[in-house]
Amino acid sequence: MKRHLILFIGMLALQGIMGGVAAQNETPTGVLEIFSWWAGDEGPALEALIELYNSHYPKVEVINATVTGGAGVNFRAVLKTRMLGGNPPDSFQVHAGQELIGTWVIANRMQDLTWLYEEEDWFDVFPQDLIDQLSYEGGIYAVPVNIHRAGVLWYIPDNLGTWGISVPTTLDEFYAICATLQSQGITPLVLGEAWTAIHLWDQVALSVLDADGYEALWTGGLSPTSSEMIAVWDSFGRVLDCTNIHENAAGLSWQQATDRLVAGDAAFNVMGDWVAGYLSTTLEMTAGEDYSWANFPGTEGAFTWLSDTFGLPVDAPNEAAAVAWLRLLGSVEGQNTFNPLKGSIPARIDAVSAAPELYNTYLQYTAEEWANERLVGSMMHGVVANERFMGDFNQVLDIYIQSRSSTGAAAAMEAVCVQAGACGF
Ligand code: GAL
């Protein structure tokens, strides 16, 4: 009797394990909702990935749900309402680092994907530092589809020639060029809506503090009210004076700001390399000829990185289809379908070499830099500070833009760091 009972329990356990494996490998069907901010001009790379998914899983109907607005500024509010309302999408876009961990993982809203990393052998192909930014207390919570570089200085080489200027490598050189351009009625540096000013602030901070100082700011080694940080705000003010912040910036998306560069109304645009995707994929311009790039002045040797990832929310309605989506995102095929169109490089270290011909001059260059430069995480794009900080920092910037008080902004920033539990507080 006892032996029968043990056998019976053993069979049940085995069935449980087999059932789990079957669920993971079952052919997905039904509806899969992918939620992101890659709408309109930002859409082609995601659409190509969905097409690839459809060819592998024809029985799934993919809903490409988007909320327009660069950097996810509008998307995040909608996502929050849905997640807190118990209505999660099957999978959603989220930045590696604090945006993922400090918002969703610590709130127990995401499923641990360590088993998927094991099954797919992803420990060998994603850099460990990146996996660390997706991990919390022994679990891994997202699959990275790319690496983007933030804070690149974009320009049109022919225009610089016409205006008689070269690419500035220090902030002082930039200020001199700024005066030359303004005297010709050209906007030296074009800004778009509010988040693009935060994106610029990140680069000014990196330039003034250097990589060690910038990192120290987010980990508690440098006080937001230190003299170094006052110098950051002072420099930020001087750079802002070279922009269209008081003209039309607030009404421009990042694409529209880039259009002003292309039209020759502005000389430089400080933005992530989604600009390369827009210029090459949407406007069909040639990297290295029609448009070019450089480090933001004074940031030589540093690479500001961020990564777009997707995860599996707790209670995702169609788990089997979502897991198949994540498997595809993490594959060489998926990464090589998405990244050449997006203007980003694969997060997998073995993908570019599998098909180098897919990657243009800019992407080849940046893949090389990613492997060799000093990496620093982007604040604007979620790596080093949590979502609460990013939201509130917007107001710090507003205070500064209106008051131009560096000490006032520094004090306001410290308050926001404390409230959000960021900057090492
Ligand atoms: C970033 C995102 C990029 C790109 C950009 C502009 O936050 O990581 O993939 O979409 O915003 O919207």
Side-chain angles (χ1 to χ4, degrees), residues 34-50 64-79 91-100 103 130 133-134 142-152 154 190-203 252-259 261 269-283 303-311 329 334-335 337-347 362-363 366 370 377-387 389-391 393-394:
I34 302 299
F35 195 40
S36 80
W37 63 86
W38 289 327
D41 288 336
E42 289 223 65
L46 177 64
E47 283 154 20
L49 203 52
I50 291 176
N64 182 2
T66 54
V67 179
T68 317
V73 283
N74 305 322
F75 163 90
R76 274 188 283 277
V78 181
L79 176 67
S91 189
F92 64 85
Q93 180 186 359
V94 59
H95 288 129
Q98 283 304 307
E99 188 176 312
L100 166 73
T103 314
L130 180 57
Q133 297 288 344
L134 310 170
V143 180
V145 68
N146 68 0
I147 298 293
H148 260 309
R149 184 174 193 163
V152 180
W154 302 99
V190 63
L191 276 181
E193 53 188 328
W195 71 268
T196 69
I198 303 182
H199 186 107
L200 174 65
W201 185 93
D202 246 352
Q203 290 308 306
L252 300 178
S253 66
W254 67 264
Q255 293 95 327
Q256 289 168 326
T258 308
D259 289 342
L261 192 77
N269 182 18
V270 175
M271 208 8 73
D273 48 15
W274 37 95
V275 161
Y278 177 62
L279 293 177
S280 288
T281 307
T282 306
L283 301 189
F303 184 116
T304 308
W305 74 275
L306 61 123
S307 173
D308 291 304
T309 77
F310 285 78
L329 285 189
Q335 305 234 325
T337 298
F338 179 85
N339 286 294
L341 295 171
K342 185 64 172 67
S344 46
I345 54 172
Y362 170 73
L363 295 168
T366 211
W370 163 249
S378 158
M379 175 265 280
M380 175 58 225
H381 304 281
V383 182
V384 291
N386 59 27
E387 231 174 273
F389 175 86
M390 282 152 58
F393 191 68
N394 216 353

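All values below come from the heavy atoms of this structure, side chains included, with hydrogens, waters and symmetry mates left out. One-based numbering, in listed order, for ligands and for the atoms of each.
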Nearest candidate to atom 2 (C) of ligand 1, where distance is taken over non-hydrogen atoms, out of I147, D308, D41, L46: D308
Determine whether the aromatic ring centres of residues [Y] and [X] are separated by less than 6.0 angstrom.
| X | Y | answer |
| --- | --- | --- |
| H148 | W274 | yes |
| W38 | F75 | no |
| W37 | H381 | no |
| Y362 | W154 | yes |

Test of proximity, G69 against ligand 1: N or O pairs below 3.5 Å: no
Backbone or side-chain N or O of H381 under 3.5 Å from ligand 1 N or O: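 Yes; at least one N/O pair falls below 3.5 Å.
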Report yes or no: does [X] contribute a side-chain atom to a donor-acceptor pair with the main-chain N or O of [Y] at less than 3.5 Å?
| X | Y | result |
| --- | --- | --- |
| D273 | A276 | no |
| Q335 | P144 | yes |
| N386 | E99 | no |

Which of the ligand 1 atoms, numbered from 1, are nearer than 4.0 Å to a heavy atom of [X]:
| X | value |
| --- | --- |
| H148 | 3 (C), 9 (O) |
| L306 | 8 (O) |
| W37 | 1 (C), 2 (C), 7 (O), 10 (O), 11 (O), 12 (O) |
| G70 | 12 (O) |
| H95 | 1 (C), 2 (C), 7 (O), 8 (O) |
| K342 | 3 (C), 4 (C), 9 (O), 10 (O) |

Ligand 1 versus N146: contacting region, heavy-atom distance under 4.0 Å: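 For N146, no heavy atom sits under 4.0 Å from ligand 1.
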Stepwise side-chain contact (heavy atoms from CB on, under 4.5 Å) test for E42 and K342: CA-CA 8 Å; E42 289 223 65; K342 185 64 172 67; 3.8 Å; yes
Proximity flag M380 to ligand 1, non-hydrogen atoms under 4.0 Å: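 No.
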Top protein contact for atom 12 (O) of ligand 1, by heavy-atom distance: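 The closest heavy atom on the protein side is E42 OE2, 2.5 Å.
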